[in-house]
Amino acid sequence: EITIPTALQDNWLAYLPEGTQYHNSWPSLFAAPAGLNSGLHVDAFCSSFWMAVFEGTKRWTIFPRDEAALMYPVYPFSLDSTFPMDVTGWKEGRRSADLLARYPALALTHPWQVCVEAGDVLLVPWGCPHQVENVTATLAISSNVVNRHNAVKAVSWLETQRLQDPNADGVIHEIKT
């Protein structure tokens, strides 16, 4: 049994009304085999992200948000950044000479790494680039979070995003109320 800490239960996205963008997006269930990795990315619209692991072990590499510009961000589909490199095992001494030759500013970053195991809950603060490796087969549940800590940033992101996607208006309205 996993109990979600009270601080993570304060999530304004949980109250989005029927028909609003993202209404049924969370929580998300993740079932993954060992060796599967996420790409290096930042979560949508300046939301924070928590994950509770039921089975297995996930290794997270997380970078401070103020170092994202050093990581050669790309914006292929929206204002949500992704990054063109794989940093799996970054702090384990596998700082590939190839990777640093292609992306020399990565040498200036200060990632931290943590293994999250069955019964653990992890919070990734808004704006922090991160990559996840499934060390073993895993089963986990997660949610993105908007609350008083990141609401101003989330609304700012959504106000820009609505130039491409008018559905963002409903989420903006709900966060502001």
- Stepwise side-chain contact (heavy atoms from CB on, under 4.5 Å) check, Arg162 with Ile172: CA-CA 9 Å; Arg162 77 174 162 199; Ile172 293 167; 3.7 Å; yes
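- Distance CD1/Ile141 to OG/Ser28: 8.0 Å, rounded to 0.5 Å.
- Here the shortest heavy-atom pairing between Ala68 and Pro73 reads O-CD, 3.6 Å.
- At least one donor-acceptor pair under 3.5 Å links the side chain of Asn147 to the backbone N or O of Asp10.
- Hydrophobic cluster membership differs between Phe45 and Tyr15, with clusters built from Ile, Leu, Val, Met, Phe, Trp and Tyr side chains linked at under 4.5 angstrom.
- At a threshold of 4.5 Å between non-hydrogen side-chain atoms, the residues Ser48 and Val124 do not count as touching.
- Residues satisfying the side-chain hydrogen bond (donor to acceptor under 3.5 Å, both in side chains) test with Glu159, not counting sequence neighbours, are Lys176.
- Nearest heavy-atom pair, Thr20 versus Leu16, reported as atom, atom and distance to 0.1 Å: CG2-CD2, 4.0 Å.
- Contact annotation: the side chain of Val53 never approaches that of Phe30 to less than 4.5 Å [non-hydrogen atoms, C-beta and beyond].
- Among Gln131, Met71, Gln113, Glu133, the one residue that satisfies the side-chain contact (heavy atoms from CB on, under 4.5 Å) test with Val87 is Gln131.
- Residue Glu117 holds its CD atom at 12.0 Å from OG1 of Thr138, rounded to the nearest 0.5 Å.
- Side-chain contact check for Leu40 versus Met85: some heavy-atom pair is nearer than 4.5 Å.
- Residues Phe63 and Cys128 have side chains not in contact (no heavy-atom distance under 4.5 Å, counting atoms from C-beta outward).
- Under the 4.5 Å side-chain criterion, counting only non-hydrogen atoms from C-beta, Glu67 is not in contact with Leu108.
- Taking CE of Met51 as the reference point, atom CG of Leu122 lies at 8.5 Å (rounded to 0.5 Å).
- Take Leu139 and apply the side chain to side chain contact (heavy atoms under 4.5 Å, CB included) test, not counting sequence neighbours, and it matches Leu29, Ala31, Phe54, Glu55.
- Among Val145, Leu123, Asp43, the one residue that satisfies the side-chain contact (heavy atoms from CB on, under 4.5 Å) test with Phe49 is Asp43.
- Taking SG from Cys46 and CD from Gln161, the interatomic distance works out to 11.0 Å, rounded to the nearest 0.5 Å.
- Partners of Asn144 according to the side-chain hydrogen bond (donor to acceptor under 3.5 Å, both in side chains) rule, which considers only residues two or more places apart in sequence or in another chain, are Trp26, Ser47.
- Within the 3.5 Å criterion, the main-chain N or O of His173 finds a donor-acceptor partner in the side chain of Thr177.
- The minimum heavy-atom distance linking Cys115 with Thr57 is given by the pair CB-CG2, 4.0 Å.
- The structure places CG of Leu163 at 11.5 Å from CG of Leu158, a figure rounded to the nearest 0.5 Å.
- Here the CG-CG distance, from Asn134 to Asn37, works out to 7.0 Å after rounding to the nearest 0.5 Å.
- Under the rule for a side chain to side chain contact (heavy atoms under 4.5 Å, CB included), the partners of Ala151 that lie at least two apart in sequence or sit in another chain are Trp12, Val146, Ile175.
- In this structure, Ser38 contributes its side chain and Val132 its backbone to a donor-acceptor pair below 3.5 Å.
- Legend: ring-ring contact (aromatic ring centres under 6.0 Å, His included) pairs involving residues 118-138, not counting sequence neighbours, sorted by first then second residue: His41-His130, Trp60-His130.
- Legend: residues meeting ring pair (Phe, Tyr, Trp, His ring centres under 6.0 Å) with Tyr72, ordered by chain and number and at least two apart, are Tyr103.
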